Amino acid sequence: MEFGCLLFLLGSSGVVITQSDTAAEDTDWSDVIVTSVGRAVTLPCVDWPLMGFVTINWKRKSPGMHDWKLVLSASEKERFFGSAAKAYMQLADSNFHKTGNFSLRFAPQSEDEGRYSCLISQQKKKLREKIILLVILTVSVFPSSPVPQQSTLLLTAEVSPGFAISRVTWLSPGGTPLRMAKTLGVVVAKLPQIRPNDQGKYICHFHPRGNSSTPLFPFSVDVAVHGVNVVSFTNITHGVLKSTASVSQYPLTITCSPKKGDYVLLYWRPPDKKSEITSLIYEYDRWRDRTVTAQSKTTPQLSLDGLKSSPKDGLFSFLVHPRLNDGGLYICEVFLDDTVFSQRTQLSILQVNAGPSLSCLVLTCQYTERSQVKQVLWKHQNKSRTLNWSALNPGRLSTEVVLPPTKETAGIYTCSMELKNGLKIKAVYTITLPPKENTESPGSVSPPYPESNSTSFLPSLSALLLLVPLVAAVAGVLLLRQKTLSRRGIEQSLSHYSGEVENIYENPEDVRQASPQSSVYMDLKPRGDDDVYKELDRSP
Ligand SMILES: *[C@@H]1O[C@H](CO)[C@@H](O)[C@H](O)[C@H]1NC(C)=O
Ligand SMILES: *[C@@H]1O[C@H](CO)[C@@H](O)[C@H](O)[C@H]1NC(C)=O
Ligand SMILES: *[C@@H]1O[C@H](CO)[C@@H](O)[C@H](O)[C@H]1NC(C)=O
Ligand SMILES: *[C@@H]1O[C@H](CO)[C@@H](O)[C@H](O)[C@H]1NC(C)=O
Ligand SMILES: *[C@@H]1O[C@H](CO)[C@@H](O)[C@H](O)[C@H]1NC(C)=O
């Protein structure tokens, strides 16, 4: 079978044979005979003993046709062929009228599939009719043996007519059933990254629908794996480099390929590294349902995203809850048969922390994978206010808020980051004034939360300010009175807060797809080119 043809079939491999696919065809046959093209079979029709003068008619009905056509008609006296006859179709026993053995024997071509009826009549009176379904099974292996190591082995069983299938299974040499993709009439099993110990006899078990004197037909193929040769994937398509960013701890999807694949390899290069050395951190083979991860404390913690993709069907993407240092370069390679699709994604992570020094609160904005960052700046909601900032280390921008906060200094502090491709994300930190009636409490600080790009996604200022004291009350640790506000305290409250935050923060990708009517947002972002807080971090 042509490889290109198989690719087409796999493209729709999600289709599973269901009752409705086949129910249209009556199982009006009493027996099933399975063979392959060119392999001789006997369609049995035996009626013994028969008295007197009988006529035997073999007729045939092709799949999808309504009419029976005569193959041959024979009696003791005469024998003639009908329109459906082929020169190679013969009665198995020339003495049929004596032995009662009316079987038809031939080596079929692929178009000979379908129903065969053996009708025995006597003086135009029907004595007996038997319908036999002839099934042609074609089993193929790609690439041909010996298979180079690491190639994707393709085992195909094509059943014709397709409605004859009740079940087909492929078994490994060790007897384990293989995962399969089915379309009507075709069952494909694949074994990617084949190794020498995968070689041996692979068996296809065909179970026919309807009545059959044989419930199971086994067909086997021998697969040898080349001892030395290793496949080289030369057909590699590169996707356009993606450049994206996220606020730390907020889920992010790294998509691999718009097309289906057999298995996926994910490589990662840590952020802000000059060298291009990547390490393999995740591997998933959907045919073997095998996952191999090389994750450690220093590598990103990620998993296959089962919501935005369907790994079991070959659509792969990864879900990351990134930490600051999980930025960097991700290379996702999706293998389909002998082709590879490679997608590179450069990821920057933005993270805001707050830590008190003696008399002030230091708001720090950190970010990674700096080479793709255009600018990062701190802003206050009052755009007439000038913020003092410092950028002593690359990827780190701090601004100080004198404590206790005043009417002037309270409010929303936004760290916004813009990538060279124009993508903007923000993380926001809110400082609220203490309630007037309680002068003991000098104020509270909300945990940082992210906010998305050019249009702002705050539900509304008042709603936000309502939220903050609530969270502060629950978290407890956030009151500024406790000068020992630790980084840990912030992180705890951050995770506590995330339930609400998730409604506010959205992945820029999602936002672009969302209809503008679906939510009401208020834009709090200061606008205009005369913006006084200009802070560019141009570190490479
Ligand atoms: C199939 O087998 C059942 C049980 O042996 C029998 O009742 C039925 O008539 C058979 N159907 C055909 C089409 O031969
Ligand atoms: C009918 O004849 C063929 C050819 O001689 C033979 O192979 C087959 O076994 C016979 N069938 C029976 C039931 O005797
Ligand atoms: C590479 O793979 C694609 C997709 O399967 C195919 O269309 C193309 O012809 C292949 N190119 C070569 C050189 O084999
Ligand atoms: C904004 O800041 C400016 C300069 O510090 C100040 O004069 C003004 O009152 C502030 N506006 C608001 C609404 O707080
Ligand atoms: C910013 O820093 C300068 C110099 O250190 C200082 O004079 C000024 O008062 C500071 N401004 C604010 C708003 O803190």
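Values below: every heavy atom of this structure, side chains too, minus hydrogens, waters and symmetry copies. Every value quoted in this text rests on a predicted model; they were computed, and no experiment measured them. Numbering of ligands and ligand atoms starts at 1, following listing order.
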For [atom], grab the closest protein heavy atom and report residue, atom and distance to one decimal in Å.
atom: atom 4 (C) of ligand 2; answer: Ala92 O, 3.5 Å
atom: atom 13 (C) of ligand 2; answer: Val46 CG2, 3.4 Å
atom: atom 12 (C) of ligand 1; answer: Asn211 ND2, 3.3 Å

(request) Locate the shortest heavy-atom distance separating Ala245 from Leu252; write the atom from each residue and the value. (result)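 Nearest heavy atoms, Ala245 then Leu252: O-CD1, 4.3 Å.
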(message) Below the 3.5 angstrom mark, is there an N/O of Asn382, backbone or side chain, next to an N/O of ligand 4?
(response)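 There is such a contact, yes.
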(message) Show the atoms of ligand 4 that are less than 4.0 angstrom away from any heavy atom in Arg385.
(response)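 What qualifies from ligand 4 is 2 (O), 5 (O).
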(message) Between Thr430 and Thr432, is the side chain to side chain contact (heavy atoms under 4.5 Å, CB included) condition met? List the steps.
(response) CA-CA 6 Å; Thr430 305; Thr432 54; 4.2 Å; yes
(request) Tell me yes or no: between the side chains of Gln366 and Asn353, is some donor less than 3.5 Å from an acceptor? (result) yes
(request) Kindly say whether Leu127 contributes a backbone atom to a donor-acceptor pair with the side chain of Ser121 at under 3.5 angstrom? (result) no
(message) Can a donor-acceptor pair be found, under 3.5 Å and without considering hydrogens, that links the side chain of Gln372 to the backbone of Thr244?
(response) yes
(message) At under 4.0 Å between heavy atoms, is it the side chain or the backbone of Asp28 that contacts ligand 1, or both, or neither?
(response) backbone
(message) Could you tell me, atom by atom, which parts of ligand 1 come under 4.0 Å of a heavy atom of Ser30?
(response)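 In order of numbering, the contacting atoms are 14 (O).
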(message) Among Gln381, Lys383, Glu408, which one puts a heavy atom closest to atom 5 (O) of ligand 4?
(response) Glu408
Taking [atom] as the reference point, report whether a protein heavy atom occurs under 4.0 Å from it.
atom: atom 2 (O) of ligand 2; answer: yes
atom: atom 7 (O) of ligand 1; answer: no
atom: atom 10 (C) of ligand 1; answer: yes

(request) Determine, stepwise, if the pair Asp222 / Lys201 fulfils side chain to side chain contact (heavy atoms under 4.5 Å, CB included). (result) CA-CA 4 Å; Asp222 284 307; Lys201 199 181 280 295; 3.4 Å; yes
(message) Does Val401 form a side chain to side chain contact (heavy atoms under 4.5 Å, CB included) with Leu363? I'd like the steps, not just the answer.
(response) CA-CA 8 Å; Val401 182; Leu363 301 180; 4.1 Å; yes
(request) May I ask you to check whether Asn101 has an N/O atom sitting below 3.5 Å from an N/O atom of ligand 2? (result)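 Yes - when backbone and side-chain N and O of Asn101 are compared with those of ligand 2, one distance drops under 3.5 Å.
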(message) I'd like to know if Thr42 contacts ligand 2, where contact means a heavy-atom distance under 4.0 Å to any ligand atom.
(response) no
(request) Please report the C-alpha distance between Cys415 and Met417 in whole Å, then the side-chain angles of each, then the deciding distance to 0.1 Å, and finally whether the side chain to side chain contact (heavy atoms under 4.5 Å, CB included) criterion is met. (result) CA-CA 7 Å; Cys415 176; Met417 176 166 83; 5.9 Å; no
(message) Using 30° and 60° as the class boundaries, would you call the ring planes of Phe106 and Tyr116 parallel, tilted or perpendicular?
(response)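 If you compare the ring of Phe106 with that of Tyr116, the planes turn out tilted.
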